Protein chains: 2
Amino acid sequence: MNNELFSAWLNLTKYHDRLLKAMDCTLQEQFQLGIKEFYLMYYLAQSEQKKMKLSDLVPKVGLSHSALSRLVTRLEQYRGGSLVERQTYANDKRSIDVFLMKKGEHYIHEMEMVINDHLQSRLSEKDIQNIKRLVE
Amino acid sequence: MNNELFSAWLNLTKYHDRLLKAMDCTLQEQFQLGIKEFYLMYYLAQSEQKKMKLSDLVPKVGLSHSALSRLVTRLEQYRGGSLVERQTYANDKRSIDVFLMKKGEHYIHEMEMVINDHLQSRLSEKDIQNIKRLVE
DNA sequence: AAAAAATGTTTGCGCATGCATGTAATATTT
DNA sequence: AAATATTACATGCATGCGCAAACATTTTTT
């Protein structure tokens, strides 16, 4: 077995997991929301009209249809008030639009700042360069 | 928000997830075992006596004590025969050693080859260099 | 126009996880 | 030596996940 290659993979996994868990923890503590919740809202915030069809979110967020459906439900029922809203999509009543509500917009901006700080403080300039190179 | 930094992070996550899911899928198909199962057995195979204390495996595999305990149970009850065995640790009867059985050793060798091929075929030389740089 | 196939979402189910707790064994204090 | 605290693992429980099936709404076929 080519141990070099496998070791490199193992290290990448550990590196990524460590960063991810720390970030998830931070978000959980400060907002009672996880990374997946963040991703969903992030893509909505990026979108033109602050809404996207559920099925378009699937490949973005990286969850199954069912998981995403329930994720939306959780965000609708967020303790402090809905962050997101289901809207029926007029052109095709099978679809739904997931709409980012005002409260959600506010949250996502705060979360972005927290995440940015989090990354800034944990990644060296060298790391950042390497990450960029890796995925370009 | 520093979008460059965040984008780099997002891409790293997607890159890693894609590789990880594909690998998990391969192992699931060929061995009806997942990545975590592989990691556990891999560390046992690396160890001097093909056994490690449960608590020493926790930081290696990256799961909680409880999850690891159940993972061992699953490997003990593997359909085709136990891959792993619980052994009481004489010096401290609270501890257990997780021991890699012959069948498990056989499996782990095959899995290593599959994973190595998997990585070889999916990572370019450039990727490999970058990964190594990232985690050194 | 009715029947069949396809599409988008939700729901039922089983599984793996982490947290909190339980239990047994060992270490420390008094 | 008895009482207390700590350690190592197992277990009950709630949660989030993916798969498969159900459901509702188009679209295509006949």
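Lettering follows sequence order; numbering is per chain, from 1. These figures come from a predicted structure and were not determined experimentally.
- Close to D:dT7, at under 4.0 Å from its OP1 or OP2, lies no side-chain N or O of B:Ser55.
- A donor N or O paired with an acceptor N or O is not found under 3.5 Å between the base of C:dT9 and the side-chain atoms of A:Arg94.
- We find that NE2 of A:His65 is positioned 12 Å from C1' of D:dC19, with the value rounded to whole Å.
- When the nearest nucleotides of DNA chain C are assigned to B:Asp92 and A:Lys53 by heavy-atom distance, the more 5′-ward of the two goes with A:Lys53.
- Aromatic ring centres of B:Tyr107 and B:Tyr78 lie closer together than 6.0 Å.
- In this structure, A:Lys21 places its NZ atom 10 Å from C1' of C:dG18, rounding to the nearest Å.
- Heavy atoms of A:Ser95 sit under 4.0 angstrom from primed sugar atoms or phosphate atoms, though from no base atom.
- In this structure, A:Tyr42 has its ring center under 6.0 Å from that of B:Phe6.
- In this structure, A:Lys93 atom NZ and D:dT27 atom P are separated by 11 Å, rounded to whole Å.
- A:Ser66 has no side-chain polar atom (N or O) that falls below the 4.0 Å cut-off from OP1 or OP2 of C:dT11.
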A:His65 vs A:Ser55, test: side-chain hydrogen bond (donor to acceptor under 3.5 Å, both in side chains). Steps then yes/no. CA-CA 7 Å; A:His65 279 262; A:Ser55 24; 5.6 Å; no
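- We find that CZ of A:Arg79 is positioned 18 Å from C1' of D:dT15, with the value rounded to whole Å.
- Here the P atom of nucleotide C:dT7 and the CD1 atom of A:Ile96 are 19 Å apart, to the nearest Å.
- The neighbour count for B:Lys93 NZ, taken as heavy atoms of other residues, nucleotides or ligands under 6.0 Å away, does not exceed 12.
- Atom CD of A:Gln87 and atom C1' of C:dG8 are 17 Å apart (whole Å).
- A straight line from CD of B:Gln77 to C1' of C:dA16 spans 15 Å, rounded to a whole angstrom.
- Mapping A:Gly62 and A:Asn91 onto DNA chain D by nearest heavy atom places A:Gly62 closer to the 5' end of the strand.
- Nearest to the side-chain atoms of A:Arg74 among the listed nucleotides C:dT9, D:dT6, D:dC17 stands D:dC17.
- In this structure, CG of A:Asp17 is placed 13 Å from P of C:dT17, rounded to the nearest angstrom.
- Taking the side chain of A:Ser69 as heavy atoms from C-beta on, and the options D:dC17, C:dT17, C:dT10, the nearest nucleotide is C:dT10.
- In this structure, A:Ala90 and A:Arg70 both approach DNA chain D, and ranking their closest nucleotides by distance from the 5' end singles out A:Arg70.
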Going through the checks in order, is the side-chain hydrogen bond (donor to acceptor under 3.5 Å, both in side chains) test met by A:His106 and A:Glu110? CA-CA 7 Å; A:His106 178 250; A:Glu110 295 208 7; 3.2 Å; yes
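- In this model, the phosphate group of C:dT17 is not approached by any side-chain N or O of B:Ser64 to a distance below 4.0 Å at OP1 or OP2.
- When heavy atoms are screened at a 4.0 angstrom cut-off, A:Leu63 is found touching the sugar-phosphate backbone but no base atom.
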